[in-house]
Amino acid sequence: MQWRSIVLGLLVLRLVLNWDAAGGTCSKITENSPMKSYLSFFGDGRDEYDRKYGSFPDALKVEMRRLAKEMFYFGYDNYMKYAFPADELNPIDCRGRGPDVLNPSNININDVLGNYSLTLIDALDTLLILGNVSEFRKAVKLVIDTVSFDKDSTVQVFEANIRILGSLISTHILLTDPHHPFGDVAMEDYDNELLHLAHDLAVRLLPAFENTNTGIPYPRVNLKSGVPPDSINETCTAGAGSLLVEFGVLSRLIGDSTFEWVARRAVRALWSLRSNETGLLGNVVNIQTGQWVGKQSGLGAGMDSFYEYLLKSYILFGDSEDYRMFTAAYQSIQNHLRRGRESCNEGEGDPPLYVNVNMFNGQIMNTWIDSLQAFFPGLQVLVGDVENAICLHAFYYAIWKRFGALPERYNWQLQAPDVLFYPLRPELVESTYLLYQATKNPFYLHVGMDILQSLEKNTKVKCGYATLHNVGDKSKEDRMESFFLSETCKYLYLLFDEDNPLHKSENKYIFTTEGHVVPIEPRFRERSWNYLHPWGEVSTALPLNTSNCDRIPEERRFGLPLKSVYMRQIDHMVGLS
């Protein structure tokens with residue numbers, strides 16, 4: 001598993017987001033630093049990869065930061081002009097989009113859109129990260145004055161949690177932070193309205209956890225009437241098991257254990273259903289019987305954020321059971337999903353790849369991976385497995401280079417997309433940003449620039465940025481999902497903004513799965529209630545002396561993160577050469 005004696009999670013307090021502010025960085029360069037590329041150690045000199053990716057001028061970084069900011073505002077301003085108070089912007093027709101009330105079965109739309117100004121709420125903390133305090137205050141006031149969850153809308157619990165609840169909680173915390181790391185954002189007349197809205201929404205989601213034999217929640221609720229009478233009894237692992245960060249923070253903010261308790265119960269119920277043989281979970285489960293309806297185990301759709309939240313819950317709350325579950329899950333992933341050579345950057349064989357397998361026997365079920373899996377290198381950075389993160393990220397970047405976007409599904413055996421659309425997803429940008437924070441390697445700035453320029457070239461339309469219907473011919477669909485502003489633009493901007501308060505603040509932060517920032521604070525490791533059945537000891541200490549610097553050999557901190565022979569191999573693997 002290549003843990004190399006890491007103290008799991010604690011490295012995040014330094015590694016993620018503001019290691020520089022704490023007084024050091026893995027790539028801090030002094031006058032005496034050896035600036036030569038690692039390639040000189042292998043005798044093949046400066047090849048085309050080293051020449052292209054080996055440096056990134058400061059002036060270009062400033063230009064990319066400007067372009068990322070302009071990208072956000074082009075989408076945001078047009079949303080406010082043409083769509084608000086609707087949930088989303090149709091960027092081609094310059095109109096707003098709300099729930100499909102004429103077709104309730106259109107869950108592609110209705111799972112996400114609840115008629116509650118989704119895009120505005122989802123973008124709140126991005127405004128603050130971009131330094132726009134005045135627009136941030138204006139947007140907060142708009143939410144307070146206009147948003148209500150007393151709607152006859154049936155929404156997916158998972159989407160409402162990560163996009164709406166997570167943003168409201170994050171924004172409330174940033175508004176009330178006495179240290180004001182993002183400037184004086186306090187509003188004199190603010191009376192915890194965002195926290196009250198978050199509480200109201202969470203209460204409306206609670207019926208999903210009632211009347212299930214397993215404690216695993218129903219996938220959808222009606223915000224007025226609770227679980228619909230025709231609701232299905234099947235849900236995906238990620239949807240049911242990725243509620244703990246937002247529900248847990250809310251419980252600790254308001255002193256009510258209910259929300260954390262139901263979210264933890266769901267995680268524990270899913271965990272209890274894992275395979276005795278492999279330790280893996282499936283992707284779809286019956287909430288009444290506990291039987292696996294979908295037996296596929298992978299890292300993408302249906303499972304991705306389940307693993308992410310095991311780790312992030314431990315980092316936030318210090319509950320040792322989250323730590324034990326994550327470490328066991330990560331070991332099972334390495335044992336059964338990982339294919340290819342043992343070492344990312346050494347040896348012979350195929351590049352490492354994580355495949356979809358049968359949860360009970362570990363046999364490959366298909367030969368495709370999906371774009372959501374591109375989040376996993378970022379999670380590997382947080383865990384300290386930087387070498388494996390470098391390799392997997394390079395694979396997804398190669399696919400991006402080939403198509404100028406990530407197809408929703410890519411068949412690695414056929415070297416072709418299985419599902420052709422790209423809805424402006426952020427996962428590759430997120431992993432790029434976190435790898436840059438871990439290594440400070442200019443390669444990742446080039447990746448970010450390629451992504452930024454591809455988005456500008458291939459997805460920009462009259463009033464925003466549009467979903468690609470086909471990554472091959474670049475045909476478009478008239479939809480700009482809210483995560484484009486809350487995540488994709490945010491991570492791109494932060495990648496090029498070294499001096500952002502998020503990186504320089506004394507506070508330490510993690511991102512939710514929707515890209516909302518939450519500080520790592522002692523108060524979230526404390527709770528005012530006791531469980532009848534404790535889930536392990538809670539650590540309230542926040543040690544700050546853990547470093548990941550020894551993971552990257554000294555000579556490679558100033559060269560490419562992956563040897564060019566392996567980059568060339570991965571490019572060939574996806575049909576680039």
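Note that these values count all heavy atoms, side chains included, but never hydrogens, waters or copies made by symmetry.
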Could you walk me through whether Gln437 and Tyr444 pass side-chain hydrogen bond (donor to acceptor under 3.5 Å, both in side chains), step by step?
CA-CA 9 Å; Gln437 287 299 308; Tyr444 297 106; over 6 Å; no
Between Phe84 and Tyr79, how do the two ring planes meet: parallel, tilted or perpendicular, split at 30° and 60°?
perpendicular
What pair of heavy atoms forms the shortest contact from Gly98 to Leu113, and how long is it?
O-CD1, 3.4 Å
Atom pair CH2 (Trp271) and OG1 (Thr237), whose distance is rounded to the nearest 0.5 Å:
11.5 Å
If the condition is side chain to side chain contact (heavy atoms under 4.5 Å, CB included), which residues does Lys81 pass it with, not counting sequence neighbours?
none
Got a sec, which residues hit side chain to side chain contact (heavy atoms under 4.5 Å, CB included) with Asn500, two or more places apart in sequence or on another chain?
Ile129, Phe182, Tyr493, Leu494, Asp497, Leu502, His503
Should Ile169 and Val518 be marked as a side chain to side chain contact (heavy atoms under 4.5 Å, CB included) after you check the CA-CA gap, both sets of side-chain angles, and the distance that decides it?
CA-CA 8 Å; Ile169 291 170; Val518 178; 5.7 Å; no
Does any part of the side chain of Leu120, heavy atoms only, come nearer than 4.5 Å to the side chain of Val143, both counted from C-beta?
yes
For the residue pair Tyr436 and Val447, establish whether any side-chain heavy-atom pair is separated by less than 4.5 Å.
no
Indicate whether the side chain of Glu427 and that of Tyr491 have a donor and an acceptor atom separated by less than 3.5 Å.
no
Ser305 side chain to Ser242 side chain, donor-acceptor N/O pair below 3.5 angstrom
yes
Taking the side chain as everything from C-beta on, heavy atoms only, tell me whether Phe443 gets closer than 4.5 Å to Leu562.
no
Taking Arg425's backbone N and O only, do any of them form a donor-acceptor pair with Tyr422's side chain (distance below 3.5 Å, no angle check)?
yes
What I want to find out is whether Lys61 reaches Glu498 closely enough, with some N-O distance under 4.0 Å, to be called a salt bridge.
yes
Distance flag, aromatic centroids of Phe209 and Trp261, threshold under 6.0 Å:
no
Pairwise side-chain contact, Val249 with Phe317, heavy-atom cut-off 4.5 Å (strictly under)
yes
Using 4.0 Å as the upper bound for N to carboxylate O, is an ion pair formed by Lys490 and Glu487?
no
Output yes when a side-chain donor or acceptor of Thr488 lies under 3.5 Å from a complementary backbone atom of Leu424, and no otherwise.
yes
What one should report as the nearest heavy-atom pair of Ser153 and Asn115 is OG-CB, 4.1 Å
Are any of the side-chain nitrogens in Arg204 or Asp150 under 4.0 Å away from the carboxylate oxygens of its partner?
yes
Lys460 charged N/C atom sitting above Phe74 aromatic ring, 6.0 Å / 45°
yes
Closest non-hydrogen atoms of Ala123 and Leu485, given as atom of the first, atom of the second and distance, are CB-CB, 4.2 Å
Exactly one of Lys312, Arg324, Arg264 should register a salt bridge (charged side-chain N to carboxylate O under 4.0 Å, His left out) with Asp319. Which one does?
Arg264
Tell me whether the rings of Tyr76 and Phe72 are parallel (<30°), tilted (30 to 60°) or perpendicular (>60°).
parallel
Is the side chain of His446 donor-acceptor paired with the backbone N or O of Ser55 at a distance under 3.5 Å, no angle test?
yes
Looking at side-chain heavy atoms only, is the closest gap between Val133 and Arg137 below 4.5 Å?
yes
Taking all non-hydrogen atoms of both residues, which atom of Ser505 and which atom of Pro181 are closest, and how far apart?
OG-CB, 3.5 Å
Rounded to the nearest 0.5 angstrom, the CZ-CD distance for Phe375 and Glu430 is 8.5 Å
Say you draw a straight line from CG of Leu382 to CD1 of Ile510; how long is it, rounded to the nearest 0.5 Å?
8.5 Å
Can you see whether Thr432 engages His393 through a side-chain donor-acceptor pair at a distance of less than 3.5 angstrom?
yes
Nearest 0.5 Å please: distance from the CG atom of Asp200 over to the CG atom of Leu195.
11.5 Å
Side chains of His199 and Val203: does their closest heavy-atom pair fall under 4.5 Å?
yes
Qualifying residues under side chain to side chain contact (heavy atoms under 4.5 Å, CB included), relative to Ala202, sequence neighbours excluded
Leu165, Leu250, Phe259
Can you confirm whether the side chains of Asp322 and Ser320 place a donor and an acceptor under 3.5 Å from each other?
no
Evaluate ring pair (Phe, Tyr, Trp, His ring centres under 6.0 Å) for Tyr465 paired with Phe484, printing each intermediate quantity in order.
CA-CA 8 Å; Tyr465 295 84; Phe484 177 69; 5.1 Å; yes
What distance separates Ser167 OG from Leu124 CG, expressed to the nearest 0.5 Å?
4.5 Å
Quick one: does any side-chain atom of Asp87 pair with a main-chain N or O of Gly114 as donor and acceptor, under 3.5 Å?
yes
In this structure, CD1 of Ile164 is separated from OG of Ser482 (nearest 0.5 Å) by 7.0 Å
Measure the shortest side-chain to side-chain distance between Ile144 and Tyr190 over non-hydrogen atoms and say whether it is less than 4.5 angstrom.
yes
May I ask you to test the Phe247-Thr258 pair for a side-chain heavy-atom distance under 4.5 Å?
no
Verdict with supporting geometry, Val62 and Phe496, side chain to side chain contact (heavy atoms under 4.5 Å, CB included):
CA-CA 7 Å; Val62 171; Phe496 297 109; over 6 Å; no
Strictly distance-based, threshold 3.5 Å: is any side-chain N or O of Asp385 a donor or acceptor partner for the main-chain N or O of Gln380?
no
In terms of heavy-atom contacts, Glu88 and Val112 come closest through OE2-CG1, 4.3 Å
Identify the heavy atoms of Met71 and Cys489 that sit nearest to each other, and give their distance.
CG-SG, 3.9 Å
